[in-house]
Amino acid sequence: RKESSAASDVYKRQIGERWRMALRERPRHHETFPATAGALSLQRTGPGSFSSNHTAQGQGPSRPCAFYPATLYEGPMIILEDPYVSPELATFAAHRQEPVLDTPTARQAGLDYGLHLNLVSSRDFSRLCCRGQRLYSNSENALDWLYSHSGNAGLVRSTELLKNKLLFRQRLAPLFPDFHFRELTLREVMETHFDSLPGPCVLKPAVGFFSLGVYSIENAQQWRTARDDIAASAARWRKEYPAAVLDNQVWLLESLIQGTEYAVDVYFNSRGEAVICNILQHDFASSEDVSDRLYYTSADIIRRMAGPLEAWFDQLNERLGLRDYPVHVELRCDAGGHMVPIEFNPLRFAGWCCTDISLFAWGFPTYGCYLDDQRPDWGSILPGHEGRLYTLIVLNKPAACPPVRRFDYDALCARFRKVLHLRRGFYDRYSHFGFLFTETPAHDRAELDAIVRDDLRGFVIPEDHEETPQAR
């Protein structure tokens with residue numbers, strides 16, 4: 001509840017008027033967004049809107065997030081699923097009162113944050129989905145419902161095309177004739193010798209998530225290590241994610257893409273035109289590193305990359321055919337400006353709470369842009385942000401991490417000049433300790449160069465470590 005209250009304060013302070021000022025009418029036939037309506041205005045009340053005793057605003061006791069008679073209307077829809085629903089996204093959904101699929105995760109988010117969500121039964125949600133309403137999910141765990149219950153064959157086809165990396169590569173192959181890839185079964189991975197591999201390459205699940213099971217292969221030792229890790233991790237992956245999100249039975253072996261890596265939250269509107277909501281540069285500790293440790297955005301990155309990326313996305317979408325669809329895209333761009341996609345992650349923006357970096361950096365939520373069919377007006381957003389890097393740091397566990405009693409978040413945060421937000425926890429169930437959002441001067445990024453190489457063992461208090469009551 002404390003986190004929810006803080007989130008609501010951030011929401012009101014950072015979004016309010018700035019959202020209305022920072023979004024303008026899309027010149028390519030977008031509908032005008034009336035300033036008085038306030039897409040994210042906290043005064044807006046949609047169908048079935050919450051009452052004035054909303055706990056996240058500190059106005060009294062909350063109503064339990066039980067199933068209230070839902071209000072169905074022609075408009076955007078949201079699915080909230082595991083592994084994590086951020087308080088910002090939950091607060092957004094509660095204020096807006098868009099239909100939210102009634103799931104255990106959505107109900108729990110309402111209880112945890114003291115919010116009244118407009119929960120809609122699976123049958124009614126499916127009816128809305130079949131009408132072609134815009135749909136946003138925070139997690140690919142939502143894909144099981146989409147495949148089984150949505151009834152929207154076109155949406156399912158688009159999602160399967162992106163989620164299956166082999167199908168995705170095959171569809172875009174004519175645009176990248178020098179890029180090589182092939183499919184391997186798990187048995188073939190275990191039986192293939194390094195000498196038969198096509199030079200430097202990447203091995204990854206054909207259906208995957210969050211860089212799990214992704215291996216950079218440049219020598220025989222790395223190939224042996226990858227196969228050993230797959231054998232050791234398979235059971236844990238099955239426990240953490242459903243097969244629709246991560247499936248280790250079919251693998252993709254593909255060319256190692258050179259260049260700077262970027263992660264982009266982008267959606268395609270009803271005409272198939274790309275609208276970029278945020279761009280992050282993804283840095284690594286070395287050429288062998290494939291972790292998700294460090295991402296950052298800046299005014300310079302947005303100004304330099306938004307135009308070329310938007311044109312590139314429009315070109316790719318001539319073959320993908322996406323309409324009214326959000327994706328989190330990973331790609332690499334070489335020194336000559338040639339771009340190659342790594343993957344298009346379907347029906348969502350950056351996973352877990354990572355897309356919330358747009359709130360902490362620019363003051364608006366990416367999912368708000370998509371659901372309202374709006375384009376960020378970077379010309380009014382970016383001034384005043386020059387010379388700063390806004391970072392997302394994924395606190396992934398070290399290899400062979402011992403059982404954890406506690407993680408010293410205070411000591412970690414003390415290493416950074418300005419912490420914008422910390423998401424702590426998760427290490428009891430998942431492969432990381434949380435997420436850290438910071439602001440760093442672009443001219444002095446020593447703290448970032450250090451964290452990208454730190455295995456975080458120095459902050460781990462193992463279970464067998466005795467602590468004083470004061471330390472605990």
Side-chain angles (χ1 to χ4, degrees), residues 1-8 10-11 56 65 78-94 98 100-115 117 119 135-146 208-212 236-242 244-246 263 265 278 280 291-293 295 326-328 345-360 365-368 370-371 391-397 401 404 407 409 412 419-437 456:
R1 296 290 174 86
K2 291 180 180 178
E3 187 176 19
S4 174
S5 179
S8 186
V10 169
Y11 201 93
C65 188
I78 300 174
I79 300 180
L80 303 178
E81 269 293 0
D82 282 340
Y84 180 69
V85 179
S86 77
E88 285 81 9
L89 176 56
T91 302
F92 174 94
E98 263 101 7
V100 174
L101 179 63
D102 184 21
T103 66
T105 299
R107 287 176 176 249
Q108 190 61 49
L111 292 171
D112 288 345
Y113 302 133
L115 300 170
L117 300 170
L119 298 178
L135 175 62
Y136 179 79
S137 66
N138 68 312
S139 165
E140 290 179 22
N141 285 27
L143 299 187
D144 274 341
W145 181 90
L146 180 75
F209 173 68
F210 209 51
S211 291
L212 296 173
R236 175 171 57 82
W237 293 338
R238 286 194 298 270
K239 181 179 179 181
E240 292 180 356
Y241 299 100
V245 177
L246 178 64
D265 284 342
N278 205 9
L280 302 172
S291 72
D292 287 321
R293 172 58 60 83
Y295 297 81
V327 287
H328 177 69
N345 296 285
L347 215 59
R348 65 174 177 88
F349 291 143
W352 288 78
C353 56
C354 297
T355 197
D356 288 337
I357 189 175
S358 69
L359 276 169
F360 307 127
T366 53
Y367 35 82
Y370 164 62
L371 293 174
T391 74
L392 159 66
I393 300 168
V394 182
L395 305 174
N396 43 297
K397 289 181 180 178
C401 182
V404 180
F407 187 85
Y409 294 100
L412 174 72
V419 173
L420 300 176
H421 201 79
L422 170 67
R423 290 267 191 267
R424 65 180 70 212
F426 311 113
Y427 57 81
D428 57 333
R429 291 184 59 195
Y430 296 100
S431 58
H432 55 280
F433 298 106
F435 303 86
L436 183 65
F437 302 86
L456 304 183

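Only this structure's heavy atoms are used, side chains among them; waters, hydrogens and symmetry mates stay out. Heads up: numbering here begins at 1 and tracks the sequence.
Interatomic distance, CG of Asp292 versus CG of Leu392, reported as 8.5 Å (0.5 Å rounding). Rounding to the nearest 0.5 angstrom, the gap separating the CD1 atom in Ile393 from the CG atom in Leu412 is 7.5 Å. Interatomic distance, Phe360 CZ to His421 NE2, rounded to the nearest 0.5 Å: 4.5 Å. Of the inter-residue distances, the one linking Asp102 atom CG with Leu80 atom CG reads 11.0 Å to the nearest 0.5 angstrom. The distance from the CZ atom of Phe407 to the SG atom of Cys401 is 9.0 Å, given to the nearest 0.5 Å. Going from atom OG of Ser137 over to atom CG of Leu143 covers 6.5 Å, rounded to the nearest 0.5 Å.
Applying the side chain to side chain donor-acceptor pair (under 3.5 Å) rule to Thr105 yields the partners Glu81, Asp82; only residues at least two apart in sequence or on another chain are considered. Listed by chain and number, the residues in a ring-ring contact (aromatic ring centres under 6.0 Å, His included) with Tyr370 are Tyr267 (sequence neighbours excluded). With sequence neighbours excluded, no residue forms a salt bridge (charged side-chain N to carboxylate O under 4.0 Å, His left out) with Asp265. A search for ring-ring contact (aromatic ring centres under 6.0 Å, His included) contacts involving Phe349 returns Tyr136, not counting sequence neighbours. Applying the ring-ring contact (aromatic ring centres under 6.0 Å, His included) rule to Phe426 yields the partners Tyr84, Trp352, His432, Phe435; only residues at least two apart in sequence or on another chain are considered. Here Ser358 pairs with nothing under the side chain to side chain donor-acceptor pair (under 3.5 Å) rule; sequence neighbours left out.
Inter-residue side-chain proximity for Glu140 and Pro346 is flagged as met; some heavy-atom pair is nearer than 4.5 Å. At a threshold of 4.5 Å between non-hydrogen side-chain atoms, the residues Pro83 and Tyr430 count as touching. By the 4.5 Å heavy-atom criterion applied to side chains, Cys354 and Arg423 are not counted as neighbours.
Minimum interatomic distance between Gly425 and Tyr409 (heavy atoms only, all atoms of both residues): N-OH, 2.8 Å. Between Leu115 and Ala94, the closest heavy-atom pair is CB-CB, 3.9 Å.
A donor-acceptor pair under 3.5 Å is absent between the side-chain atoms of Ser86 and the main chain of Cys353, judged by distance alone.
A side-chain N or O of Tyr367 and one of Asp356 form a donor-acceptor pair less than 3.5 Å apart.
Results of the side-chain contact (heavy atoms from CB on, under 4.5 Å) test with Leu135 over Ile79, Ile78, Leu371, Leu101 single out Ile79 as the only residue that passes.
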